[in-house]
Amino acid sequence: MFEFTLNGTAGAARAGTLALPHGTVQTPCFMPVGTHGAVRGLHPDEVAAAGAQIILGNTYHLHLRPGEDVVAQLGGLHRFSTWSKPMLTDSGGFQVFSLSAMRKLDEQGVEFVSHIDGSKRFISPEKSMEIQWALGADVIMAFDHLLPGQSSAEDAHDAMQRTLRWLDRCRHRHGELTAGDPNRQTLWPIVQGGTHADLRHASLMGILERGPWTGVAIGGLSVGEPKPAMHRVLEGLNPHLPVDRPRYLMGVGFPDDLIEGIARGVDLFDCVAATRNGRHGSAWTADGKVSVRGATLRLDPGPLDADCDCAACTRFSRAYLRHLFVAEEQLGQRLVSIHNIRFLIRLAETARARILDGTFDSWAAAWRSRYFAKGETS
RNA sequence: GGUGGGGUGGCCGAGUGGCUAAUGGCAGCAGACUGUAAAUCUGCCGGGCUACGCCCUACGUAGGUUCGAAUCCUACCCCCACCA
């Protein structure tokens, strides 16, 4: 269980297969985010129909509501949500970052003020493991400390070292929890270190010393740093990452980020942008972004993206989708969310095919020039 | 026909002498969003410019008072309510 098989490579790009308790995942792969145990706005069948092989859940949010005890009593997150394929939960580490204004951090852990009712909640590495074990995802993440993208070397060093110390505690507690059932859930560590090459290297070395691991995540990117900085981090880590383990670039990304990540050896991605932008009326297409509310779509009978096979593109016109947004019908938000998810999943699927047939580089080059032809940024 | 109330930018609606090209809201337009405190947030929104400044045209219509009027006065037009 948790084995990763490399099926082929093209330069740094890799195509693999990851075996998890609830199924296998073919990589490269985009994982939709379902913070509260649901991909926002979508039915699990729609998520599966979009080609999702694995989705995320969130420790912090599910801990607050409904509580991991409730989820456990209802049979775990898979049964509770009826999502039967693999699942990964984030540790709450991202909330250390995103809720920085309402938390207090020390070596022991992080005290959050609940954004729901103002109550104080304490999450430590051990607590995160306990919550994630109760939720029951196939893959769980270490509780880490991440910082804004442009943090100083001193701050990044501090957070990176804390993340390593917390990793020891995560591993210890998770080992206790899974002792009787080691094939049910696996824990992945997270490389931190900001945009500082030496810190990233030290973080990875610290992680590998503590191994073995069934996968390695790269966190703390796409949090405000310039894109080339993220690319340099990935390039710096690539030669040192275990070849036979999946690499998960956390919280990334936009379509071009998937291309650049895959080209630099990343296997797994997750990002809320597909669903959030979908709800906000921004769709990705092979020719760049399309604002679904845009006046130019008013009488456009064509699909959002002529190349797309999603539930929105195979049936509805741009004019109708625009109408739904203007009329504030939820169907519009749902359809564009489905489209964006399908777009990223299909991008990863195509990348995999191109890696396997050896044409990844030329395909990626053509993809970039078309996607950015209109001069857009992402 | 009489009495009272009212006519403000695409719509609704503030504003009762200068700080008003005119508060708000809606509609419209554009943009942002990366391990989800987001069905959210931001900007533009009379016209024209050799534009972070200037010039036009604007508060029913026409005239008047005033250094200065959406704001005061007069006439007219229209709308609403009630009374005949």
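In what follows, chains are A, B, ... by sequence order, proteins preceding strands, each numbered from 1.
Rounded to whole Å, atom P of B/A37 lies 12 Å from atom CD1 of A/I123. Following rounding to the nearest Å, A/D256 (CG) and B/U34 (P) show an atom-to-atom distance of 14 Å. The nearest whole Å value for the distance from the CZ atom in A/F325 to the C1' atom in B/C29 is 17 Å. Across the protein-nucleic acid pair, A/F254 atom CZ and B/U36 atom P stand 14 Å apart, rounded to whole Å. When the P atom of B/A37 is taken as reference, atom CZ of A/R279 falls 11 Å away, rounded to whole Å. Rounded to whole Å, the distance from CG on A/L221 to P on B/U34 is 14 Å. Rounded to an integer number of Å, the gap from CD of A/Q95 to C1' of B/U34 is 14 Å. Whole-Å rounding puts the A/L331 CG to B/A39 C1' distance at 13 Å.
The residue A/I190 sits close to a base: some heavy atom pair falls under 4.0 Å. As judged by a 4.0 angstrom heavy-atom cut-off over every strand, A/V326 is placed among residues touching the sugar-phosphate backbone only. Within the 4.0 angstrom heavy-atom criterion, base atoms lie near A/N277. Using a 4.0 Å heavy-atom distance criterion, A/R121 is classed as making no nucleic acid contact. Nucleic acid contact class of A/Q132 (heavy atoms, under 4.0 Å, all strands): none. Nucleic acid contact for A/M31: none, since no nucleic acid atom lies under 4.0 Å from a heavy atom of the residue. Within 4.0 Å (heavy atoms only), A/L99 reaches at least one base atom of the nucleic acid. Contact annotation for A/G294: backbone-only contact, meaning every heavy-atom pair under 4.0 Å involves sugar-phosphate atoms and none involves a base.
Distance CD1/A/I262 to CG/A/D257: 10.5 Å, rounded to 0.5 Å. Considering CZ of A/F4 and CG of A/L20, their distance stands at 11.0 Å, rounded to 0.5 Å.
Separating the P atom of B/A81 from that of B/G13 is a span of 15 Å, rounded to the nearest Å. Spacing of P atoms, B/C77 relative to B/A27, comes out at 39 Å, to the nearest Å. Spacing between B/U71 and B/G60 at atom P, rounded to whole Å, works out to 8 Å. Straight-line distance between the C1' atoms of B/G17 and B/C72: roughly 8 Å, to the nearest whole Å. Straight-line distance between the C1' atoms of B/A75 and B/G18: roughly 27 Å, to the nearest whole Å. Distance check on atom P: B/C56 versus B/A32 gives 38 Å, rounded to whole Å. To the nearest whole angstrom, the two C1' atoms, one in B/C78 and one in B/U42, are 42 Å apart. With C1' as the reference atom, B/U36 and B/A30 are 25 Å apart, rounded to whole Å.
Closest to the A/V33 side chain, of the nucleotides B/U34, B/A37, B/U36, is B/U36. In this structure, of B/U34, B/U36, B/A37, it is B/U34 that holds the atom nearest to the side chain of A/S222. Of all nucleotides listed (B/C33, B/A37, B/G31), B/C33 comes nearest to the side chain of A/S282. For A/D90, counting side-chain heavy atoms from C-beta on, the closest listed nucleotide (B/U40, B/U36, B/A37) is B/U36.
Taking 4.0 angstrom as the limit, A/R40 places a side-chain polar atom (N or O) nearer than this to OP1 or OP2 of B/A38. The shortest distance between the side-chain N/O atoms of A/R276 and the OP1/OP2 oxygens of B/U34 is below 4.0 Å. The side chain of A/R322 places an N or O atom within less than 4.0 Å of a non-bridging phosphate oxygen (OP1 or OP2) of B/C29. Regarding contacts with the backbone of B/A32, a side-chain N or O of A/K289 is found under 4.0 angstrom from either OP1 or OP2. Residue A/T35 has a polar side-chain atom (N or O) positioned under 4.0 Å from OP1 or OP2 of B/U36. Proximity of A/S98 to the phosphate of B/A37: a side-chain N or O atom is located under 4.0 Å from OP1 or OP2.
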Which pairs would a plain distance check flag for residues 10-18 of chain A, meaning a side-chain donor or acceptor within less than 3.5 Å of a matching protein atom at least two apart in sequence or in another chain?
{"from": "A/R14", "atom 1": "NE", "to": "A/D267", "atom 2": "OD1", "distance (Å)": "3.0"}
{"from": "A/R14", "atom 1": "NE", "to": "A/D267", "atom 2": "OD2", "distance (Å)": "3.3"}
{"from": "A/R14", "atom 1": "NH1", "to": "A/V243", "atom 2": "O", "distance (Å)": "2.9"}
{"from": "A/R14", "atom 1": "NH2", "to": "A/V243", "atom 2": "O", "distance (Å)": "3.3"}
{"from": "A/R14", "atom 1": "NH2", "to": "A/R245", "atom 2": "O", "distance (Å)": "2.9"}
{"from": "A/R14", "atom 1": "NH2", "to": "A/D267", "atom 2": "OD2", "distance (Å)": "2.9"}
{"from": "A/T17", "atom 1": "OG1", "to": "A/N7", "atom 2": "OD1", "distance (Å)": "2.7"}

Under 3.5 Å, side-chain donor or acceptor atoms of residues 43-52 of chain A against the rest of the protein: list the pairs with distances, not counting sequence neighbours.
{"from": "A/H43", "atom 1": "ND1", "to": "A/D45", "atom 2": "N", "distance (Å)": "2.9"}
{"from": "A/E46", "atom 1": "OE1", "to": "A/H43", "atom 2": "N", "distance (Å)": "2.8"}
{"from": "A/E46", "atom 1": "OE1", "to": "A/R334", "atom 2": "NH2", "distance (Å)": "2.6"}
{"from": "A/E46", "atom 1": "OE2", "to": "A/R334", "atom 2": "NH2", "distance (Å)": "2.2"}

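Scanning atom types as modelled, no donor and acceptor separated by under 3.5 angstrom connect the side chain of A/N58 and the base of B/U36.
Under the Watson-Crick or G-U wobble criterion, with both distances below 3.5 Å, B/G17 has no partner in any strand shown. Across all strands shown, B/C82 forms a Watson-Crick or G-U wobble pair, both distances under 3.5 Å, with B/G2. Base pairing of B/A22 is not made with any nucleotide, judged by Watson-Crick or G-U wobble geometry with both donor-acceptor distances under 3.5 Å. Base pairing of B/C29 is made with B/G43, judged by Watson-Crick or G-U wobble geometry with both donor-acceptor distances under 3.5 Å. Pair check for B/A75 finds B/U61; Watson-Crick or G-U wobble, both atom distances under 3.5 Å.
Stacking of A/H61 onto the six-membered ring of B/U36 is not present when judged by under 5.5 angstrom between centres and under 30° between planes.
Of the two residues near RNA chain B, A/A273 and A/Q333, the one whose nearest nucleotide lies more 5' is A/A273. Each of A/T275 and A/Q330 was matched to the nucleotide of RNA chain B holding its nearest heavy atom; the match closer to the 5' end belongs to A/T275.
Atom CD of A/E107 sits in a crowded spot, with more than 12 heavy atoms from other residues, nucleotides or ligands closer than 6.0 Å. Within a 6.0 Å radius of CZ in A/R298, no more than 12 heavy atoms belonging to other residues, nucleotides or ligands are found.
Taking all atoms of both residues into account, the shortest heavy-atom contact from A/M141 to A/P189 is CE-O, 4.3 Å.
Stacking of A/R171 on the aromatic ring of A/W166 is not recorded, the 6.0 Å distance cut-off and the 45° axial limit not both being met.
Because its glycosidic torsion is more than 90° from 0, B/C19 is reported here as anti.
Ring pair A/H61/A/H115: centre-to-centre distance below 6.0 Å.
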